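For ligands, and for the atoms within them, numbers begin at 1 and follow the listed sequence. All values below come from the heavy atoms of this structure, side chains included, with hydrogens, waters and symmetry mates left out. Remember, it's a predicted structure, so these values are computed and weren't measured experimentally.
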Amino acid sequence: MAALTLAVGLVYYPDYLNRTAQAGLLAQLEGVFRAAAPFTPRMPRTAKPFSVRMTNCGELGWVSDESGYRYQPMHPVTGERWPPIPDILLKAWAELAAYPPPPEACLVNLYDDRARMGLHQDRDEEDLDAPVVSLSLGNTALFRIGGLERNSPTRSIRLNSGDAIVFGGASRLIFHGVDRIIPDSSRLLLDQATTRALLPAGGRINLTLRRVTQSRA
Ligand code: SIN
Ligand code: MN
């Protein structure tokens, strides 16, 4: 498995999942979407809708609305508990996180080709010793990576279908965001959509595995 260290604690694994594994993961994600339909999060206070849609799996899910950002055990629309994290993702955590306690949350972001995500830090978790493990499927994202301050210098990399990136250690709180999605850069979601009606028929899916509660005394 090729691993490129981009900064201390920031490791990029190009082609971490091959095409067969990507299709297998999508099959498991279809079950997640059946149990927890994607919803449109809203910005705290302003209630402006995000351009990405989201859902979650795991004991806890990340949600955002007028009351703020938070993790909660149930879907904000249906009130149901989130479905379990699929096996392929638990295996990715075991291989990539170097952190024995299992992930508690997997945020699933769905991007259409116009969606983006502004520069932000992932800091709603209590356990900042655990890394964030991110997997990408479908169209390529231009992913912006900064430093620990909002105005630190940034660079961008392309996250392609099947790529993984891990933010841990000294890079756990780096600013990051998605500048844009490159249309028609992958056939994965188009091909799968013919047989899997609940999956988006294009765009990009990003999955981030997180540990939320403090796992060390
Ligand atoms: C996120 O920061 O929640 C998503 C990152 C990505 O889509 O690659
Ligand atoms: Mn993030």
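In the displayed structure, Asn18 atom CG is contacted under 6.0 Å by more than 12 heavy atoms of other residues, nucleotides or ligands. More than 12 heavy atoms of other residues, nucleotides or ligands shown are found within 6.0 angstrom of CZ on Arg70. When the shell of 6.0 Å around CZ of Arg196 is examined, it contains more than 12 heavy atoms from other residues, nucleotides or ligands. Atom CD of Glu95 is surrounded by more than 12 heavy atoms from other residues, nucleotides or ligands within 6.0 Å.
Any N or O atom pair closer than 3.5 Å counts here, and Ser136 shares no such pair with ligand 1. Residue-to-ligand polar distances place His176 within reach of ligand 1: an N/O pair is separated by less than 3.5 Å. No N or O atom of Ser134 sits closer than 3.5 Å to an N or O atom of ligand 1.
Judged by distance alone, the side chains of Asp124 and Trp62 do bring a donor and an acceptor atom under 3.5 Å apart.
For the Mn ion (ligand 2), the nearest N, O or S atom contributed by Asp122 is named OD1.
Protein heavy atom nearest atom 7 (O) of ligand 1, with residue, atom name and distance: Tyr111 OH, 2.4 Å. In terms of protein heavy-atom proximity, atom 8 (O) of ligand 1 is closest to Arg204 NH2, 2.8 Å. Ranking protein heavy atoms by distance to atom 5 (C) of ligand 1, first place goes to Asn206 OD1, 3.6 Å. Of the protein's non-hydrogen atoms, the one nearest atom 3 (O) of ligand 1 is Asn109 ND2, 3.2 Å. Protein heavy atom in closest approach to atom 1 (C) of ligand 1: Met117 SD, 3.6 Å.
Only the side chain of Arg210 comes within contact range of ligand 1, with a heavy atom under 4.0 Å; no backbone atom does.
With Phe143 as the partner, the side-chain contact (heavy atoms from CB on, under 4.5 Å) test is satisfied by one option alone out of His176, Arg155, Met117: His176.
Considering all non-hydrogen atoms of both residues, Ser136 and Asn206 come closest at OG-ND2, 3.4 Å.
A cation-pi arrangement is not found for Arg150 relative to Phe175, the charged atom failing to lie both closer than 6.0 Å to the ring centre and inside a 45° cone about the ring normal.
Residue Val178 approaches ligand 1 through these ligand atoms, each under 4.0 Å from one of its heavy atoms: 6 (C), 7 (O), 8 (O).
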